[in-house]
Amino acid sequence: MNTALHYIQNFTEKYFSIPNMYISDFVEIIIIAVLVYYIILWFRKSRAWFLLKGIVVLVLFMLVASIFHLTTLLWIINKTLSVGIIAIVIIFQPELRRALEELGKKNVLFRVLKFGNSSAEGRFSDKSVEEITRATLELAKAKTGALMVIKQEHDLEQYIETGIRLDAKITRQLLINIFEKNTPLHDGAVIIEGDKIVSATCYLPLSDSTSLSKDLGTRHRAGLGVSEVTDSVVIIVSEETGSISIAREGKLIRYADAAILKNELMKTQAKEEAKTKKRFWKGRSRNEKNDGKDKGVVDK
């Protein structure tokens with residue numbers, strides 16, 4: 001009996017004992033929690049988010065291989081991990097550099113202490129949707145080429161830095177004036193964040209897609225390119241035909257009319273709200289049914 005009690009006591013002390021906690025321990029927990037939070041936030045705002053999901057899949061694959069003793073696969077994975085880490089550093093060198101630059105900014109402490117949802121604040125208003133729609137239609141009617149990038153969650157700072165900072169309120173007149181021919185700001189892309197035109201004459205990465213129609217020029221290839229590497233929505237107006245195209249998630253919706261354009265902008269505006277809203281009913285809403293129709297619109 002004494003032996004059993006002694007065993008239970010040792011087991012309880014070993015596995016259920018509460019360690020002594022000091023102030024330094026709480027400080028370390030808070031610091032690590034903040035660091036993990038902002039690392040995940042940085043992953044979500046950059047292309048590295050796809051890398052993180054790929055790493056999770058790889059870890060699960062390694063776990064399955066370890067459980068079933070797949071020694072050959074484990075050997076291959078172990079041999080390629082060291083090379084893979086170097087390749088990751090090279091591929092995501094711009095993102096890592098911007099992260100270090102952000103860390104060195106003076107307002108970094110303020111951003112660390114601010115736990116608000118910045119993406120929700122960055123969403124644009126209904127008035128901005130109307131102004132962008134009207135400007136796009138007037139540009140198309142006049143056959144004035146235009147390229148507008150609407151920021152969502154992913155960071156676009158590397159493209160904003162290539163242009164001229166404006167930080168101006170979105171208005172139809174300003175957008176039309178920016179893309180007017182022979183003006184200093186007409187060449188390049190405009191980047192929109194929230195209710196502001198952040199920058200103009202920005203350079204964007206060109207898409208390498210071989211499926212892109214040969215009758216589309218550099219403006220469409222640039223719009224499709226930035227939609228492939230970020231979650232931004234891009235509005236493109238052709239200078240030759242005056243047609244409107246919308247690039248999203250590496251796909252191009254061509255010959256969009258006013259209804260499609262406005263619907264895409266409203267979906268972009270409400271994206272964050274749709275993510276956080278929990279649904280407790282079955283079936284699809286009317287908007288979701290429309291989404292399925294719009295995704296099928298690639299060309300007319």
Interatomic spacing from [atom1] in [X] to [atom2] in [Y] - rounded to 0.5 Å:
X: Glu240; Y: Leu216; atom1: CD; atom2: CG; answer: 9.5 Å
X: Leu224; Y: Leu252; atom1: CG; atom2: CG; answer: 6.0 Å
X: Thr230; Y: Asp155; atom1: OG1; atom2: CG; answer: 10.0 Å
X: Ser238; Y: Arg254; atom1: OG; atom2: CZ; answer: 8.5 Å
X: Lys169; Y: Asp167; atom1: NZ; atom2: CG; answer: 14.5 Å
X: Ile132; Y: Ile170; atom1: CD1; atom2: CD1; answer: 4.0 Å

With distance as the sole test, does [X] use its side chain to make a donor-acceptor pair with the main-chain N or O of [Y] at under 3.5 Å?
X: Glu193; Y: Val198; value: no
X: Ser66; Y: Met62; value: no
X: Thr171; Y: Leu174; value: yes

Electrostatic pair Arg165-Glu157, nearest N-O below 4.0 angstrom: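 A salt bridge links Arg165 with Glu157.
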Between Glu264 and Lys267, is the closest basic N to carboxylate O distance under 4.0 Å?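 The answer is yes: the pair qualifies as a salt bridge.
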Shared ILVMFWY cluster between [X] and [Y], side chains joined below 4.5 angstrom?
X: Ile178; Y: Tyr203; value: no
X: Phe68; Y: Leu63; value: yes
X: Ile191; Y: Val229; value: yes
X: Val57; Y: Val64; value: no
X: Ile77; Y: Val56; value: no

Determine whether Tyr159 and Val149 satisfy the following criterion, side chain to side chain contact (heavy atoms under 4.5 Å, CB included), listing intermediate values before the conclusion. CA-CA 10 Å; Tyr159 309 120; Val149 181; over 6 Å; no
Might you work through the side chain to side chain contact (heavy atoms under 4.5 Å, CB included) test for Asp126 and Glu130, ending with a clear yes or no? CA-CA 6 Å; Asp126 293 338; Glu130 191 67 30; over 6 Å; no
Using a 4.5 Å cut-off on heavy atoms from C-beta on, say whether the side chain of Glu239 contacts that of Lys181.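 Touching, per the 4.5 Å side-chain cut-off.
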Answer yes or no: is there a side-chain heavy-atom contact under 4.5 Å between Glu180 and His186?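 Answer no - side chains too far apart.
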Measure across [X] and [Y] and return the closest heavy-atom pair with its distance rounded to 0.1 Å.
X: Thr201; Y: Pro184; answer: CG2-O, 3.9 Å
X: Ala140; Y: Gly242; answer: CB-O, 3.0 Å
X: Glu228; Y: Ser209; answer: OE2-CB, 4.1 Å
X: Gly163; Y: Cys202; answer: CA-SG, 3.9 Å
X: Arg172; Y: Glu131; answer: N-OE1, 2.5 Å
X: Met148; Y: Phe179; answer: CG-CE1, 3.8 Å

Got more than 12 heavy atoms from elsewhere within 6.0 Å of CG, Asn78?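 Count over threshold, so yes.
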Would one find more than 12 heavy atoms of other residues, nucleotides or ligands at under 6.0 Å from atom CG of Leu60?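 Correct, the count exceeds 12.
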As a quick check of understanding, evaluate side chain to side chain contact (heavy atoms under 4.5 Å, CB included) for Asp25 and Glu28, giving each step before the final call. CA-CA 5 Å; Asp25 297 323; Glu28 286 182 343; 4.2 Å; yes
By the definition side chain to side chain contact (heavy atoms under 4.5 Å, CB included), identify the one residue from [options] that meets it with [X].
X: Val233; options: Lys151, Arg248, Glu249; value: Arg248
X: Thr136; options: Ile236, Val237, Ile176; value: Val237
X: Ile150; options: Leu265, Ile246, Val190, Val234; value: Leu265

Can Thr268 and Gln152 be said to form a side chain to side chain contact (heavy atoms under 4.5 Å, CB included), step by step? CA-CA 8 Å; Thr268 304; Gln152 294 197 78; 3.6 Å; yes
Short side-chain donor-acceptor distance under 3.5 Å, Ser243 and Thr241: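 On atom types as modelled, these side chains qualify, holding a pair under 3.5 Å.
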